[in-house]
Amino acid sequence: MTSGAKRGERGLRPAHRVRAARLRRLQAILTQPLVIVEQPHLFWLCGFSGTSGAACVTQSGAWFVTDPRYEEQARDEVAPEFRLLCRMDRPERIVAGEKIFAGCPQIAMEEETTCIATLKAWGAALSPATVTPLPSPLMPLRRIKEREEIAAVRRALALTEEAMAWIAPAVRPGVTERELAARLEFYCRMKGASGPSFDLIVASGPNSARPHGVAGPRKVAVNEPVLFDIGFFVDGYASDFTRVVFCGTKPPAALLSMHARVLEAQERGKAAIRAGIPAAGPDEVVRAWFKEERVLGLYGHSLGHGVGLEIHEAPRLSWKSEEMLEAGMLVTVEPGLYRAGRYGIRLEDMVLVTVQGCEVLTDFPHDLARIPPV
Ligand code: ZN
Ligand code: ZN
C-alpha cells in the first residue's frame with residue numbers, strides 16, 4: 001500500500017529503507033555498470049511494480065528510467081536513491097542522451113532475463129561502449145530472504161491455508177476442478193491477494209496422477225482424491241502449497257499407504273535440510289527412502305524449489321542441484337507419488353533454512369481430509 005510519502009523523504013518508508021540497503025549491497029559487489037530491465041528485479045531493487053522501465057546502477061550512482069505512462073507510479077514507488085528519468089522515448093536512448101555511462105567501456109545486462117532484442121537495442125544506443133550479457137549479481141542476493149520478505153511469504157501462505165480450509169467442504173461429487181479453482185481465486189483476491197502465483201492445480205481422480213495438470217472441466221466423482229496445488233501473491237511474494245482431499249469417507253488402503261509414504265518422505269526431506277549442506281542432499285534422502293519402499297519409479301520430479309518474488313527460484317532441491325543450502329533460503333518440500341491413470345499424492349510445505357535445520361512455515365494438517373459426499 002502506498003503511504004502518500006513524497007520522493008525525497010528519505011527513510012520514511014520501511015520499503016525504501018530496505019531498497020536503499022539492497023542498492024548498497026549490490027553496488028559493493030558490482031564490477032561494472034549494470035542495466036536491469038526485467039521484473040521482478042526492478043521491484044526487488046527499486047520498488048517499481050510496473051512492467052516497463054530500466055534501472056541503471058554504477059558503483060556510485062543509480063537511475064530509474066521510464067516513460068510518461070509510468071511516471072506517477074515510479075514517483076510513488078521507486079526508492080529515492082534512484083534518480084528518476086522520465087521521457088517519451090526508449091529507455092536506452094534516454095540513458096545514452098543523459099550520458100550516464102560516459103567513460104565506461106563495458107556495461108553489463110542480466111543474461112538470465114534480458115532478451116536478445118533488448119540487449120541489441122542497448123548495445124546500439126550505448127555504442128561505442130559494449131553491452132555484454134553477464135550472470136546477474138542480483139540472483140545470489142535474492143536467494144537469501146530478508147525479514148520483510150519472509151513476513152510477506154508468511155502472509156501469502158496463511159491466506160492460502162485459510163482458502164484451503166474454506167474450499168475443502170466444497171469438494172462434492174459433480175463440482176468441476178475449474179469451479180473449485182475459480183472459487184479459490186475469488187476468495188483470495190477478495191482477501192487481499194493480487195492473484196494466483198501460478199495456474200492453480202485442482203486435479204481430481206486420475207488427473208491427480210499428473211504432477212503438473214491444471215484445473216480442467218472434469219467433475220469430481222465420489223470416492224476419489226482431489227489434489228490441490230495452490231498459491232497466491234500477497235505484497236509481491238508467492239506462496240506454494242499442496243494437499244489432497246478425498247471425496248468420500250473410506251479411501252482405499254492403497255491410497256492411504258501411498259499418502260503415508262509421501263508424508264514420511266516429506267518428514268525425512270525436512271529433517272535433512274540445514275544450512276551448509278548441498279541442496280541435492282534432501283532430495284537424495286527422499287529418493288533413497290522411496291527406493292527402499294520400492295516406489296522410486298512413481299516419483300517423477302524433485303523435492304522442491306526456492307520461492308519468493310517468483311514461484312520457482314533458486315535454489316532447486318534436486319539431486320541435480322549444485323548449489324549449497326544457506327540460512328535464510330525459503331524452499332518447498334514437496335515429494336509426490338503418482339500411479340498413471342489412477343491417482344497421485346503430493347504434499348507440499350514451505351520451510352525456511354536455518355543453521356540448525358529448518359523452520360516449517362506451513363501450518364496445515366497433512367492427513368488425507370475426508371469429505372462425506374452429500
Ligand atoms: Zn506447488
Ligand atoms: Zn512447488
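In each ligand, atom 1 is the first atom listed, and ligand 1 is the first ligand listed. What you see is a predicted model; the values in this text were computed from it and never measured.
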- Task: Give me the ring orientation class for Phe64 and Phe48: parallel if the planes are under 30° apart, tilted from 30 to 60°, perpendicular past 60°.
- Result: tilted

- Of all N/O/S atoms in Asp229, which lies nearest to the Zn ion (ligand 1)?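 Answer by atom name: OD1.
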
Name of the [X] atom (N/O/S only) found closest to the Zn ion (ligand 2):
X      : value
Glu348 : OE2
Asp240 : OD2
Glu334 : OE2

- Rounded distance (nearest 0.5 Å) linking atom CG of Leu361 with atom OG of Ser239: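 Separation between the atoms: 11.0 Å.
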
- Within less than 2.8 Å of the Zn ion (ligand 2), any N, O or S from His305? yes

- Message: Glu313 vs Arg143, test: salt bridge (charged side-chain N to carboxylate O under 4.0 Å, His left out). Steps then yes/no.
- Response: CA-CA 8 Å; Glu313 42 183 74; Arg143 267 170 217 177; over 6 Å; no

- Please determine if Arg261 forms a cation-pi arrangement with Tyr299, meaning its NZ or CZ atom is less than 6.0 Å from the six-membered ring centre and no more than 45° off the ring axis. no

- Task: Run through Val78, Leu85, Val35 and flag the one making a side-chain contact (heavy atoms from CB on, under 4.5 Å) with Trp63.
- Result: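 That would be Leu85.
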
